[in-house]
There are 4 protein chains.
Amino acid sequence: MAASLNQVVGGEGDDRRAQLVAAAFRRVAEAGFEGLRLRQVAEDVGIDHSTLHHHFATKQDLVEAVAAHTTRQFWGTSPQAPDPASALRAHLATLRQMIVEQPGLFVVTVELDLRARRDPAVAAAMERHESGWRERLVEILTGLVPDPAASAELVIAAVKGVRLLPDVAGRVLHQLGEHLIGDGRG
Amino acid sequence: MAASLNQVVGGEGDDRRAQLVAAAFRRVAEAGFEGLRLRQVAEDVGIDHSTLHHHFATKQDLVEAVAAHTTRQFWGTSPQAPDPASALRAHLATLRQMIVEQPGLFVVTVELDLRARRDPAVAAAMERHESGWRERLVEILTGLVPDPAASAELVIAAVKGVRLLPDVAGRVLHQLGEHLIGDGRG
Amino acid sequence: MAASLNQVVGGEGDDRRAQLVAAAFRRVAEAGFEGLRLRQVAEDVGIDHSTLHHHFATKQDLVEAVAAHTTRQFWGTSPQAPDPASALRAHLATLRQMIVEQPGLFVVTVELDLRARRDPAVAAAMERHESGWRERLVEILTGLVPDPAASAELVIAAVKGVRLLPDVAGRVLHQLGEHLIGDGRG
Amino acid sequence: MAASLNQVVGGEGDDRRAQLVAAAFRRVAEAGFEGLRLRQVAEDVGIDHSTLHHHFATKQDLVEAVAAHTTRQFWGTSPQAPDPASALRAHLATLRQMIVEQPGLFVVTVELDLRARRDPAVAAAMERHESGWRERLVEILTGLVPDPAASAELVIAAVKGVRLLPDVAGRVLHQLGEHLIGDGRG
DNA sequence: CATGAATGAGGGTTCATTCAT
DNA sequence: GATGAATGAACCCTCATTCAT
């Protein structure tokens, strides 16, 4: 009774693992993996730092959970669009909005891209994430541009290039979209 | 004369600094700032780790020197081109070649972009570097595209987005270039 | 009857204790008290490490149980011999056989001897064990050697000295036995 | 000047490594390898615990130094004797005296014997030590007993068996000596 | 300019133990 | 009796930095 009430009311005890991952994510967004300290993560959640090891045996485990948690935040909702052009516009608009509203998410993504170079587990997570994104883009771009695969790569590159710059993301992605859409007309 | 004299007489000290910066640069390229260890840098150069502090009082000083050394490697040679289109093509070709041939340079650049978020000195260096690049791009794009400033931003974004991917850099940058050049005609 | 009933009804708990002691004994034989981990012991038995504390409130309790379990393995069977000489030979042969066949038992004994220096409970257990052994030896040696007490001490020392060396145990104990038996004759 | 004076007067700065090994040795004698703590060792010497790592990169290095330091304390002086019998008596008397006067030395030896089972470096040190001892014993026993090799093994066993018992060491070793010497007469 | 000893803060990790369920 | 979350002390080790030589 008390337990179920606790779950319903507070929900705080929901999942310590999730809390820890969220806290770690926040720390990485602020200080990078370079500045990720297990003691701080535990403190953020309000538990002893040794208790963290009860949920994540090693720091690496937590890092991998952060990678999964980060990539999971993409493509939660897939908006349906009547035509390829508006689908692309919607896609880019969503990304621009995410870049503006959740800058930390993209900071962590860059951190993960960098870490992937020395961390096979993270590399696998990022490749899975990126290939999903690529497929989605190719799907959208098919029928809109002559070479969907190449254009998808261009879109990915442009987004990656403005990930850390909310101020220019809108302009750049809009321009890119119009370029691609206009291209189909030519 | 003065330069060569400088190298002969007291230049060894400066040489050491350059050696240390180069070694640190290499370490960052391999292991990130997260994996940068002063002891290793000193050992790479063949001096005691205490001696390193005679050349760089603090680790931060070395990091800033790495930032300067990194940005300095761009735009060493500015190829002259008869017309804007070939100037842009040359610019992108140069970048593609650098990405392929000096991947470490771009890894460090991403590391610096990330570190710039928490390190004002690095931030200043990167902004200086990037505004120089932007100006150069605007110069090239003027007369070629309707909105040189916006297109420069797009180019920068695309390059940043493929910095870590030598395999797709060529395709993406080529496609972008043709887009921009073709756009001017329409 | 009572015994079998005990096993059926409430004996499982006692079984668990025995299992835990046996597992702890094995761990000490392999890794020493230095490497004794309650979690591993519990895991070896197939229970949660918290549950172990229901059977042994503290690690010290388990250690003392291991000491008791270890000393209990000696002198289970007392072979009857027609004369003192063959009694001594049988005693030494039994020990040699145990050293060869159950090396772990003697490793733990050495561990216990060492721990006894800082652990009064273990010290008491070992003293009890050793005085029983000594009495038995004096009994055997009486009528065989001039100073049974001193010779018993010599036998104990020699056995302790080859406890960890199954390869030389046979030779050494045999030689010692013949020395003692021959001595009586002279 | 000050430095040489310091060396002459206090001698304390003589060798930090030696001081640390001595302190570690003392700790092992008291608390076993199980209770060896680098922080305490450093504190005993009066330096920060991190400084200890400047002299011994890892705990294992210190342990190996302790093993070397321990075995080095044996056979420092080799007393010359006119005949084998008195040579054996002198050898055993020396050992008995060491056991009585330096009990810690033998406690550490037992600890090392035990650790040798899981530590190849320590095992090598102990084997070297023991084979040296064995050779010396064989040399002494040759001409005194029929089977010097076997008797050497018996002596080693007996000594090992009384290492931890200063009270009985004298009696046991004396009896053993007379046994061996008397044996030659028969 | 170079060295090696020393520092101290802090890192991840381990482990026996406790407690609510 | 059994579990899993939590604790806190302690562990070995790392690293940038300082200082006397």
Side-chain angles (χ1 to χ4, degrees), chain A residues 1-3 6 13 15-17 20 34-42 45-63, chain B residues 10 12-13 16-17 35-42 45-63, chain C residues 10 12-13 15-17 35-42 45-63, chain D residues 1-4 6 13 15-17 20 34-42 45-63:
Chain A
M1 277 289 196
N6 197 1
D15 206 10
R16 267 288 143 83
R17 276 182 67 97
L20 288 165
E34 189 181 353
L36 180 61
R37 301 288 174 257
L38 296 191
R39 275 173 164 83
Q40 281 189 344
V41 171
V45 170
I47 63 175
D48 192 273
H49 72 275
S50 64
T51 304
L52 186 149
H53 284 91
H54 187 68
H55 300 278
F56 295 96
T58 179
K59 187 180 189 179
Q60 175 66 14
D61 288 348
L62 179 60
V63 167
Chain B
E12 256 207 347
R16 270 287 148 82
R17 272 184 70 96
L36 180 61
R37 302 286 174 262
L38 295 191
R39 275 177 157 83
Q40 281 190 344
V41 170
V45 170
I47 62 173
D48 191 272
H49 70 276
S50 298
T51 307
L52 185 147
H53 283 87
H54 283 281
H55 301 279
F56 296 96
T58 180
K59 188 179 189 178
Q60 175 64 16
D61 290 348
L62 179 59
V63 167
Chain C
E12 256 208 347
D15 206 18
R16 270 287 149 80
R17 272 183 70 95
L36 179 62
R37 301 288 173 261
L38 295 190
R39 275 176 157 84
Q40 281 190 345
V41 171
V45 170
I47 63 173
D48 192 272
H49 70 276
S50 298
T51 307
L52 184 148
H53 285 279
H54 282 281
H55 301 279
F56 296 97
T58 179
K59 188 180 188 178
Q60 176 65 16
D61 291 348
L62 179 60
V63 167
Chain D
M1 278 291 195
S4 69
N6 197 3
D15 205 12
R16 266 289 143 80
R17 276 182 68 98
L20 288 166
E34 189 181 353
L36 180 61
R37 302 289 174 256
L38 296 191
R39 275 176 161 83
Q40 281 189 344
V41 171
V45 170
I47 62 175
D48 193 272
H49 73 272
S50 64
T51 305
L52 186 149
H53 284 92
H54 186 69
H55 300 278
F56 295 97
T58 180
K59 187 181 187 177
Q60 175 66 14
D61 289 348
L62 179 59
V63 167

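Chain letters run A, B, ... following the sequence lines, proteins first and then strands; every chain starts at 1.
In terms of position on DNA chain E, the residue among D:L52 and B:I47 whose nearest nucleotide sits closer to the 5' end is B:I47. Each of C:D48 and B:A57 was assigned the nucleotide of DNA chain F with the nearest heavy atom; the assignment lying further toward the 5' end belongs to C:D48.
Of all heavy-atom pairs between A:K59 and A:L36, the closest is NZ-O, 3.0 Å. Counting all heavy atoms, side chain and backbone alike, D:A42 lies closest to D:D48 at CB-O, 3.8 Å.
Not a single donor-acceptor pair, N or O on each side, falls under 3.5 Å between the base of F:dA5 and the side chain of A:R16. Judged by distance alone with a 3.5 Å cut-off, a donor-acceptor contact links the side chain of D:H49 to the base of F:dC13. No hydrogens or angles were tested; on distance alone, a donor-acceptor pair under 3.5 Å links the side chain of B:R39 to the base of F:dA16.
In this entry the distance linking CD of A:E34 with C1' of E:dG12 reads 17 Å, nearest Å. In this structure, D:L38 places its CG atom 15 Å from P of F:dA10, rounding to the nearest Å. Regarding C:H53, its NE2 atom lies at a distance of 13 Å from the C1' atom of F:dA6, rounded to whole Å. Rounded to a whole Å, the CD atom of B:Q40 is 12 Å from the P atom of F:dT14. Here F:dA6 presents its C1' atom at 12 Å from CG of A:L20, a figure rounded to the nearest Å. When rounded to the nearest whole Å, the span between CG of D:L62 and C1' of F:dC11 equals 15 Å. In this entry the distance linking NZ of D:K59 with P of E:dT13 reads 19 Å, nearest Å. F:dG1 atom P lies 11 Å from atom CZ of C:R17, rounded to whole Å.
If you check every strand for non-hydrogen atoms under 4.0 Å, A:L36 touches sugar and phosphate atoms only.
Here CZ of A:R39 is found 9.0 Å from OG of A:S50. Values are rounded to the nearest 0.5 Å.
Within the 4.0 Å cut-off from OP1 or OP2 of F:dT3, at least one side-chain nitrogen or oxygen of C:T51 is found. Within the 4.0 Å cut-off from OP1 or OP2 of E:dT14, not a single side-chain nitrogen or oxygen of A:S50 is found. Phosphate proximity of E:dT7 to D:H54: absent, as no side-chain N or O sits under 4.0 Å from OP1 or OP2. For E:dA6, one of the phosphate oxygens OP1 or OP2 lies less than 4.0 angstrom from a side-chain nitrogen or oxygen of D:H55.
Across all strands shown, the partner of F:dA6 is E:dT17, judged by Watson-Crick or G-U wobble contacts whose two distances both fall under 3.5 Å.
Listed nucleotides E:dT13, E:dG11, F:dC11 differ in distance to A:R37; the shortest reach to its side chain belongs to E:dG11.
Counting only heavy atoms from C-beta outward, the side chains of A:L38 and A:H49 never approach each other to under 4.5 Å.
Side-chain atoms of A:R16 do not come within 3.5 Å of backbone N or O of A:H55 as any donor-acceptor pair.
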